Structure formats: C-alpha cells, structure tokens
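Below is one structure, written out as structure tokens; the observations come after it.
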Amino acid sequence: MDLRTEIKKYAKSKGVPLWKAAKEYGLSDSNFSRMLRYDDKVSIEERKIIYEIIDRLAAER
C-alpha cells in the first residue's frame, strides 16, 4: 500500500479529515496530498509527525 492510501485510511478510521491534518502540518490540502504521492521523499520522521497530528486531532474531537 502506498503512503497516501495508508494515511488516508488511517485518518478516516480516526474521523479526521485530511485537510485538517494538512493545515496542522502547515501545508495546504493540495500540497499535502502532492507530498504524500512520493513515498520515497517522505522521511520516517515526517511520517511519525503526520500520524501524531492525526492522533492529536482525533483526541480533540
């Protein structure tokens, strides 16, 4: 599974819209989606940050 699909599924399972995760990450929705297209360009640290953002947003609900 590619990174974009993985992140989308995870965010959906937590009830967090991707645009909110993008905003919290500091990117527009389109730039965030574009970034996720390139698995090899997103470091492990950046992936952890994205998952932490999604978890935090889900907890705030």
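Worth saying up front: this structure is predicted, and the values here are computed from it rather than measured. Heavy-atom basis, side chains included; hydrogens, waters and symmetry copies ignored.
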Min side-chain heavy-atom separation [X]-[Y] under 4.5 Å:
X     : Y     : answer
Ile50 : Met35 : yes
Tyr10 : Asp55 : yes
Lys14 : Arg61 : no
Asn31 : Arg34 : yes
Leu3  : Lys41 : no
Tyr25 : Glu46 : yes

**OP:** For residues Ala22 and Ser28, report the shortest heavy-atom separation together with the two atoms involved.
**Re:** CB-O, 3.9 Å
Original post:
Is the side chain of Thr5 donor-acceptor paired with the backbone N or O of Met1 at a distance under 3.5 Å, no angle test?
Top reply: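 No: the side chain of Thr5 does not pair with the backbone of Met1.
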Original post:
With no hydrogens and no angle check, is any side-chain donor or acceptor of Arg47 less than 3.5 Å from a backbone partner on Val42?
Top reply: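 Checking the backbone N and O of Val42 against the side chain of Arg47, a donor-acceptor pair under 3.5 Å is found.
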Subject >> same_hphob_cluster(Ile49, Leu36) at 4.5 Å side-chain heavy-atom cutoff >> reply: yes
Subject >> Hydrophobic cluster membership, Trp19 vs Ile7, 4.5 Å side-chain cutoff >> reply: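 Trp19 and Ile7: separate clusters.
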Can you tell me how far the [atom1] atom of [X] sits from the [atom2] atom of [Y], to the nearest 0.5 Å?
X     : Y     : atom1 : atom2 : answer
Lys8  : Ser13 : NZ    : OG    : 14.0 Å
Leu57 : Lys23 : CG    : NZ    : 10.5 Å
Ile54 : Glu24 : CD1   : CD    : 11.0 Å

Subject >> Pair Ile53-Val16, side-chain contact (heavy atoms from CB on, under 4.5 Å): steps then yes or no >> reply: CA-CA 10 Å; Ile53 288 170; Val16 175; over 6 Å; no
Subject >> From CA spacing to verdict: side chain to side chain donor-acceptor pair (under 3.5 Å), Tyr51, Glu6 >> reply: CA-CA 10 Å; Tyr51 281 110; Glu6 187 179 310; 2.6 Å; yes
